[in-house]
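Every value quoted in this text rests on a predicted model; they were computed, and no experiment measured them. Residue numbering restarts at 1 for every chain, and letters A, B, ... go by the order of the sequence lines. Quick note: numbers below take in every heavy atom, side chains included, and nothing from hydrogens, waters or symmetry partners.
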2 protein chains.
Amino acid sequence: MIRLYRDEVPTKVDHEERRRQIAEAVIRIAASRGLHAASMREVAAEAGVSLRLVQYYFHTKQELLAWVLAHLGEQLGRRMTRAAAERGAPASPRAFLYAALTALLPTDEESRRIVLAYTAHFTLTLTDPGQEAGLSYANALRDLLAERFAQAGANGDPGTRAATALALVSGLQLAVLAGQYTGEEAVALLTRHLDEAFAAPGAG
Amino acid sequence: MIRLYRDEVPTKVDHEERRRQIAEAVIRIAASRGLHAASMREVAAEAGVSLRLVQYYFHTKQELLAWVLAHLGEQLGRRMTRAAAERGAPASPRAFLYAALTALLPTDEESRRIVLAYTAHFTLTLTDPGQEAGLSYANALRDLLAERFAQAGANGDPGTRAATALALVSGLQLAVLAGQYTGEEAVALLTRHLDEAFAAPGAG
DNA sequence: CTCGTCACGATACAGCCGTATCATCGCGCC
DNA sequence: GGCGCGATGATACGGCTGTATCGTGACGAG
């Protein structure tokens with residue numbers, strides 16, 4: 001028969017919220033003990049729920065990890081746009097670039113957790129077939145940045161600028177996570193690189 | 001019969017060679033199916049030996065992984081110096097920088113395997129306590145490159161140059177491994193970045 | 001009241017994991 | 001010829017893994 005519940009999906013608890021709660025547990029484990037330590041049982045314990053619940057909201061572990069990955073991407077995107085918005089609305093293309101790229105660096109505890117978990121996921125999928133979803137996302141981000149580089153009047157080819165900047169950010173993320181640099185040092189390194197991209201020719 | 005082996009230690013087989021054989025199996029597995037797939041049994045099968053043998057030459061799995069990591073570092077170092085030597089001996093500081101940094105990018109099947117396995121290892125140790133060994137190595141490499149940047153007369157602070165270049169290489173490695181760029185594209189990106197570091201001020 | 005279904009608990013299952021134990025072979029040495 | 005020992009095979013053990021099954025309160029619908 002046709003569902004005639006109030007007017008919504010027939011759920012008494014907020015599934016999305018539960019999933020978020022469990023996903024956060026995965027992220028916490030991945031950031032502290034590594035993604036390989038995130039077994040279904042560990043995740044359940046960390047989230048304060050039973051193993052059955054994790055199975056209930058994510059039928060399989062693969063589904064759980066995929067959801068977590070999407071959740072992480074969302075959070076990273078929000079961080080970028082929020083940081084850009086804080087530079088004044090609407091931010092100039094150049095200010096946007098500084099803000100957005102800096103927002104990707106692990107500078108505080110939260111961003112460190114996010115980037116660490118994201119990196120672990122990323123590395124795992126490196127050997128899995130067909131991860132083109134993340135690829136197109138990365139390319140879209142690069143194209144967006146390239147547009148901003150062009151608008152901001154950066155030297156050289158905007159596409160090259162964007163690709164180089166993103167790769168640099170990616171490398172700096174790892175360096176900070178490994179403890180080679182502090183978040184501030186990485187920001188300084190990135191800032192200097194961007195400054196160079198905008199340096200007036202002849203202003204050695 | 002004549003002793004073809006060491007006359008010092010009473011070993012009939014070359015332990016180092018056996019270890020190398022097993023380590024290569026780990027690298028092959030890590031590059032194709034991921035480091036998490038490299039169980040002791042899988043490694044034994046891939047190396048064509050029995051499980052007992054892997055245990056015999058590496059008392060524990062942790063010992064095996066540590067050995068593999070050292071092996072990978074060695075191979076990467078050899079690739080760098082070899083590439084530098086091919087640019088003429090002794091290579092100019094600037095040529096050395098181009099060669100050494102390019103050698104770190106996954107441009108062929110072998111380097112792809114090495115970098116992929118190295119990345120997997122690196123990511124795993126990100127959440128392990130006390131991995132300062134790799135850190136001091138990274139710092140030493142950066143200082144060496146900084147020296148070359150200074151000798152080659154690069155613009156700006158040599159330390160910043162070296163740190164930025166290394167982080168960029170690291171990011172490009174990931175991008176190539178993920179399939180975002182080809183090895184050649186990454187080399188081009190890196191080359192352009194280095195060109196900029198050496199561009200005469202005012203040569204916009 | 002009955003019933004279906006959502007939400008969840010307890011527990012079982014087969015399989016793989018790293019590691020340990022025991023039993024041999026091959027071979028130089030006394 | 002026996003012995004010691006390095007090198008290796010076969011196999012067992014406890015533990016953890018992801019997943020599946022069965023059961024059961026709560027609660028709105030008919």
How many Å lie between [atom1] on [X] and [atom2] on [N], as a whole number?
| X | N | atom1 | atom2 | result |
| --- | --- | --- | --- | --- |
| B:Q55 | C:dC17 | CD | P | 13 Å |
| A:E63 | D:dT19 | CD | P | 10 Å |
| B:R52 | C:dC17 | CZ | P | 18 Å |
| A:Y57 | C:dG9 | OH | C1' | 13 Å |
| B:F58 | C:dC17 | CZ | C1' | 19 Å |
| B:L53 | C:dT24 | CG | P | 19 Å |

Next item on the list: Say whether, by atom type as modelled, one donor and one acceptor occur between the side chain of A:T164 and the main chain of A:T160 under 3.5 angstrom.
Entry: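 Yes: the side chain of A:T164 pairs with the backbone of A:T160.
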Check: Judged by atom type as modelled, is there a donor-acceptor pair below 3.5 Å linking the side chain of B:R148 to the main-chain atoms of B:R94?
Finding: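 Not confirmed, B:R148 side chain does not pair with B:R94 backbone.
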Is any side-chain N or O of [X] closer than 4.0 Å to OP1 or OP2 of [N]?
| X | N | result |
| --- | --- | --- |
| B:Y56 | D:dT8 | no |
| B:S50 | D:dG9 | yes |
| B:H15 | D:dA7 | yes |

Margin query: I need the A:R19 CZ to A:E63 CD distance, nearest 0.5 Å.
Written below: 7.5 Å
Next item on the list: Could you identify which residues of residues 18-28 of chain A place a heavy atom less than 4.0 Å from some atom of DNA chain C, listed by residue number, or say none?
Entry: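 Residues of residues 18-28 of chain A that come under 4.0 Å of DNA chain C are, in numerical order, A:R18.
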Next item on the list: Could you tell me whether B:R20 and B:E74 make a salt bridge, using a distance below 4.0 angstrom between a side-chain N and a carboxylate O?
Entry: no
Margin query: Between B:Y98 and B:R87, is there a side-chain heavy-atom distance shorter than 4.5 Å?
Written below: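 Contact flag for B:R87/B:Y98 side chains = yes.
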Note to self: Could you check whether any side-chain heavy atom of B:M80 comes within less than 4.5 Å of a side-chain heavy atom of B:L141, counting everything from C-beta outward?
What the structure shows: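 The answer is yes; the side chains approach within 4.5 Å.
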Next item on the list: Output, in order, the C-alpha distance, side-chain angles, deciding distance and verdict of side chain to side chain donor-acceptor pair (under 3.5 Å) for B:R18 and B:Q21.
Entry: CA-CA 5 Å; B:R18 268 262 196 263; B:Q21 173 191 357; 3.2 Å; yes
Check: Should the pair B:F198 and B:F149 be assigned to parallel (<30°), tilted (30 to 60°) or perpendicular (>60°) ring geometry?
Finding: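 Parallel.
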Notebook entry, point to check: What do you reckon, is CD of A:E17 surrounded by more than 12 foreign heavy atoms closer than 6.0 Å?
Noted result: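 For A:E17, atom CD is crowded (more than 12 foreign heavy atoms under 6.0 Å).
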Distances for protein N or O near nucleotides 16-18 of chain D N or O, under 3.5 Å:
unit_1 : atom_1 : unit_2 : atom_2 : d
D:dT17 : OP1    : A:S39  : OG     : 3.1
D:dG18 : OP1    : A:K61  : NZ     : 2.5
D:dG18 : OP2    : A:M40  : N      : 2.9
D:dG18 : N7     : A:R41  : NH1    : 2.7
D:dG18 : O6     : A:R41  : NH2    : 2.8

